[in-house]
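Worksheet: the structure to be examined is printed underneath.
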Amino acid sequence: MRSRYLVVFAWCFLLLPVAGVHAQGASSEGASKAPRPLETLRAEIDRVDGELLALLNARAGIVAEVGAGKTTSGGPVFRPGRQAALLRHLLSRDGGPQTPQTLVQVWTAIIAGSILQQKPDFRVAVAGDETQAGLAQAFFGAAIPQSRVAQPAETLDALAAGKADAAVLPPEGSWWLTLPEGMRIVAAAPLLRGADAPPQALIVTRYEGDPSGADLTVAHMAGPPPAGAFVLAQAGEDRLIVLPAAAALPAGASRLGLMAAPLAP
C-alpha cells in the first residue's frame with residue numbers, strides 16, 4: 001500500500017513546472033545573467049525531485065500515524081472541510097508560477113493518496129453522465145475508484161449499504177427532499193469556482209461535514225429564500241439553499257449539512 005501511495009504522489013508531482021520555478025529564480029537574479037546549461041538545469045530538477053520524494057515519504061509516515069489513530073477513534077478518512085482549508089491556505093500563500101488549478105490538482109492527488117493509504121477500498125458512487133464522473137474525479141482525484149449509476153437514489157442506496165463512502169449527485173432533481181436520515185451534504189464541486197458560480201455536483205456522506213473556516217449551511221425550505229441565501233435547486237415550492245454558516249436558519253427550514261464555501265480561482 002505504501003508503494004501505491006507513492007506512485008500516486010510521484011505521478012501528481014510530474015505536473016509541477018519545477019523548471020519554471022528555477023527559471024523564475026534565475027531571472028530575478030538579473031536579466032543580464034546568461035541562462036544555465038540545459039544539463040545543469042536537468043540536474044537541478046533531479047535534485048529537487050529527490051527532495052520531493054523524501055518529503056512525500058515523510059508525509060506518508062505521518063499519515064500512517066493519523067490512520068492508526070482513526071482506527072482507534074473510528075473517525076472518517078475523508079474530511080472535506082480539512083481538504084478545503086488546506087487548499088485555501090496553499091492558494092493564499094502561493095507566489096510562484098503555478099496556476100490555482102495546478103495546485104488544486106496536485107494536492108487533490110496527494111489527499112487521494114492519504115485517503116487510500118488509510119482506507120484502500122474507499123469508493124465513491126456517482127449518479128449521472130460523464131460530466132458528473134469528471135466532477136467527481138476532479139474533486140476526489142483520479143486514484144479514487146468510482147461506481148457509476150444512473151439515478152441519484154441508487155447512489156444513496158449504495159451509500160446506505162456501505163458499498164460507497166461518498167455519493168456524488170447533481171443538484172438538480174428532488175433527491176434532497178428525501179435525504180435518508182443520518183446522511184449529510186458535505187461538499188460541492190467544483191471546489192475551485194467563483195463565489196457566485198453554482199456548483200455542478202453535491203457530495204453526500206453518512207456523517208456530518210467538518211468545518212473549513214469559511215463555510216455554508218445547506219438547508220431545505222419551502223417558499224421564498226431569505227436575503228443572503230443562494231438557491232441550489234428547486235422542486236415546486238421547495239428549495240435547496242445555502243447560506244453563511246453563521247446565519248440563522250429561516251423558520252421551517254431543515255438543515256441538511258455543512259460545506260466549505262467555494263475557493264476563488
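Numbers for residues simply follow the sequence, beginning at 1.
When every heavy atom of Leu192 is checked against every heavy atom of Ala264, the shortest pair comes out as CD1-O, 3.4 Å. Among all heavy-atom pairs drawn from Leu191 and Ala261, the shortest one is CD1-O, 4.1 Å. The two residues Asp215 and Ala260 make their nearest non-hydrogen contact at OD1-CA, 3.5 Å. For Leu86 against Arg59, the heavy-atom pair with the smallest separation is CD2-NH2, 4.5 Å. Across every non-hydrogen atom of Leu256 and Arg184, the tightest pair is O-CD, 3.2 Å. Residue Gly209 comes nearest to Val186 through the heavy atom pair N-CG1, 3.4 Å, listed as atom of the first residue, atom of the second, then distance.
Salt bridge Glu39/Arg42: absent, no basic N to carboxylate O contact under 4.0 Å. We find that Asp121 and Arg123 are not joined by a salt bridge, their nearest charged nitrogen and carboxylate oxygen being 4.0 Å or further apart. Using a 4.0 Å cut-off between charged nitrogen and carboxylate oxygen, Lys163 and Glu154 do not count as a salt-bridge pair.
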Only pairs under 3.5 Å count here: list side-chain donor-acceptor contacts from residues 74-84, not counting sequence neighbours, and write none if there are none.
from  : atom 1 : to     : atom 2 : distance (Å)
Arg79 : NE     : Asp210 : OD2    : 3.3
Arg79 : NH2    : Asp210 : OD2    : 3.4
Gln83 : NE2    : Phe139 : O      : 3.3

Under 3.5 Å, which donor-acceptor pairs link side chains of residues 62-69 to any protein atom two or more places apart or in another chain?
none

For residues 171-181, which side-chain donor-acceptor pairs fall under 3.5 Å, sequence neighbours excluded?
from   : atom 1 : to     : atom 2 : distance (Å)
Trp175 : NE1    : Pro170 : O      : 2.7
Trp176 : NE1    : Gly173 : O      : 2.9

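Inter-residue side-chain proximity for Phe230 and Pro198 is flagged as met; some heavy-atom pair is nearer than 4.5 Å.
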